[in-house]
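None of the values given here were measured: they were computed from a predicted structure. All values below come from the heavy atoms of this structure, side chains included, with hydrogens, waters and symmetry mates left out.
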Amino acid sequence: MTKYTILLFIWLPSFGQTVDLKSQADKILEKGDNFYRLIIANSKTLELTDTDDLIFSYKENEELISIVFAADKSDKVLRTIKFDWTSLNILSDNKELRTETKAEGLFKKMVLNMYASTKYFPLPKEFWAIIENQDGGFSAYLLPRQESSSELILGNDFIFKYKLTGEFKDVKYLHNNAIPILTKFQNKDELEGTLHIHANRNDDFITALDIATILSYKEKVDWTKHLVASNKYVSIFNIDKMTLEIITRREYETRTGKRLKL
């Protein structure tokens, strides 16, 4: 088993009550797949536009909509590209200038706030924003764009909280450091998978952003599994089978005959 960066600091707390591991795994996997589709729509739109303007993608019904807009407070959308949610094929590409919808205005307000924050805080300068309506407000995830073909970067991601009006509330780390993981290995036939560790006060499980990032690189990596080990649990994500299994650390060590050193 190949192991990378040892210590991550995760904002989300662990809870002492009994955890339904199957339910947790299903929720994380579904959200990770949703986030992956948004990342791919962003990336495809960037390839098509080749612009310094901002890009944001969101789901509406069964369509994935990517909008291109300027980094100012204009209420205009410069370009609109629609994708099929399942296949990620392009359905339409509208290059006509139009007025933003109410929802797009809120999204743009939050994305522009995130970009402004990069000028004052040590945040990734080039990133994708994923926004979801959650807990009576918005959770906006900031994850760095992937630029290398030889390694993918997990971590260095953040969560911004906004009111329903789009007003900023706070921002916190998810992982507070970047975790580089090679896409290719010389001894790939002996490689069981890749792994990173959540320790101490960290989240017990792999995150949806981890899954989304790995899926966005699935055509570039020559390994099929990624594991996240914490004090109590091991998350086992299989890219080819698109499955996520979460088991106790004790069960994993019994199953494999290997003791994890955190």
Side-chain angles (χ1 to χ4, degrees), residues 30-86 88 90-121 123-146 156-172 174 207-209 211-213 215-216:
E30 180 180 9
K31 182 178 283 193
D33 182 59
N34 289 344
F35 286 1
Y36 151 72
R37 295 175 188 281
L38 295 169
I39 292 172
I40 295 300
N42 286 335
S43 299
K44 287 188 174 184
T45 298
L46 181 63
E47 291 176 0
L48 290 170
T49 56
D50 189 26
T51 177
D52 291 329
D53 292 314
L54 304 182
I55 296 169
F56 177 76
S57 296
Y58 63 96
K59 184 180 182 182
E60 186 174 86
N61 300 320
E62 291 306 310
E63 289 182 347
L64 222 176
I65 301 175
S66 290
I67 57 174
V68 181
F69 56 98
D72 56 28
K73 294 185 178 180
S74 166
D75 66 350
K76 302 301 180 184
V77 171
L78 307 178
R79 187 170 180 176
T80 308
I81 302 177
K82 294 185 178 182
F83 300 84
D84 178 79
W85 177 259
T86 302
L88 295 175
I90 294 176
L91 300 175
S92 64
D93 185 355
N94 185 350
K95 300 178 183 179
E96 293 183 5
L97 190 70
R98 66 172 177 83
T99 301
E100 67 193 18
T101 66
K102 182 178 179 180
E104 289 170 342
L106 271 176
F107 293 146
K108 288 170 59 177
K109 182 178 181 178
M110 290 180 276
V111 173
L112 288 172
N113 175 265
M114 295 167 78
Y115 269 95
S117 298
T118 66
K119 299 177 182 179
Y120 305 104
F121 301 102
L123 301 169
K125 302 303 179 183
E126 299 293 335
F127 65 88
W128 296 129
I130 297 174
I131 299 175
E132 61 179 351
N133 194 318
Q134 191 178 61
D135 300 329
F138 291 99
S139 293
Y141 302 91
L142 181 157
L143 65 157
R145 291 188 194 174
Q146 300 290 325
N156 199 23
D157 44 12
F158 302 79
I159 182 169
F160 285 68
K161 291 287 187 177
Y162 294 93
K163 299 178 182 178
L164 285 175
T165 57
E167 297 298 325
F168 172 78
K169 292 176 63 178
D170 61 32
V171 59
K172 295 181 180 179
L174 290 175
T207 70
L209 290 179
I211 287 177
T213 302
L215 285 175
S216 72

So Val111 and Ile131, side-chain contact (heavy atoms from CB on, under 4.5 Å) or not? Walk me through it.
CA-CA 9 Å; Val111 173; Ile131 299 175; 4.1 Å; yes
Taking all non-hydrogen atoms of both residues, which atom of [X] and which atom of [Y] are closest, and how far apart?
X      : Y      : answer
Ile211 : Gly32  : CG2-CA, 3.9 Å
Met114 : Ala140 : SD-CB, 3.8 Å
Phe56  : Ala129 : CE1-O, 3.3 Å
Ala70  : Asp53  : CA-OD1, 3.8 Å
Trp85  : Arg37  : O-NH1, 3.0 Å
Ser139 : Gln134 : OG-OE1, 2.6 Å

Rounded to the nearest 0.5 Å, how far does [atom2] of [Y] lie from [atom1] of [X]?
X      : Y      : atom1 : atom2 : answer
Tyr115 : Leu123 : OH    : CG    : 11.5 Å
Asp84  : Ile90  : CG    : CD1   : 11.5 Å
Tyr58  : Ile67  : OH    : CD1   : 6.0 Å
Arg98  : Thr80  : CZ    : OG1   : 3.5 Å
Lys44  : Ser57  : NZ    : OG    : 11.0 Å
Thr207 : Phe35  : OG1   : CZ    : 9.0 Å

Using a 3.5 Å distance criterion without hydrogens, assess whether the side chain of Lys59 forms a donor-acceptor pair with backbone atoms of Leu38.
no
Heavy-atom donor-acceptor pair, Lys163 side chain to Lys169 backbone, under 3.5 Å:
no
Min side-chain heavy-atom separation [X]-[Y] under 4.5 Å:
X      : Y      : value
Leu112 : Leu54  : yes
Leu64  : Leu91  : no
Ile130 : Ile39  : yes
Ser216 : Ile40  : yes
Leu142 : Val171 : no
Leu106 : Phe138 : yes
Tyr141 : Trp128 : no
Leu48  : Ile81  : yes

If you measure only the distance, is there a donor-acceptor pair under 3.5 Å linking the side chains of Asp75 and Thr99?
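Distance-only check fails for Asp75 and Thr99.
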Check the angle between the aromatic planes of Phe168 and Phe160 and answer parallel, tilted or perpendicular using the 30° and 60° thresholds.
perpendicular
Using the side-chain contact (heavy atoms from CB on, under 4.5 Å) definition, which of the options Leu78, Ile55, Asp93 pairs with Thr49?
Ile55
Taking atom NZ as the centre, does Lys109 end up with more than 12 heavy-atom neighbours from other residues, nucleotides or ligands that are less than 6.0 angstrom away?
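Yes.
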Kindly check if the number of other-residue, nucleotide or ligand heavy atoms within 6.0 Å of NZ (Lys76) is above 12?
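Yes, because the 6.0 Å sphere around NZ of Lys76 holds more than 12 heavy atoms from other groups.
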Check the pair Arg145 / Leu46 against side-chain contact (heavy atoms from CB on, under 4.5 Å), numbers first and verdict last.
CA-CA 11 Å; Arg145 291 188 194 174; Leu46 181 63; 3.7 Å; yes
May I ask you to check whether Phe158 and Phe121 place their ring centers less than 6.0 Å from one another?
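No, ring centres 6.0 Å or more apart.
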Please list all pairs meeting salt bridge (charged side-chain N to carboxylate O under 4.0 Å, His left out) that have one or both residues in residues 64-74, counting only residues at least two apart or in different chains.
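Salt bridge (charged side-chain N to carboxylate O under 4.0 Å, His left out) check on residues 64-74 returns no pairs.
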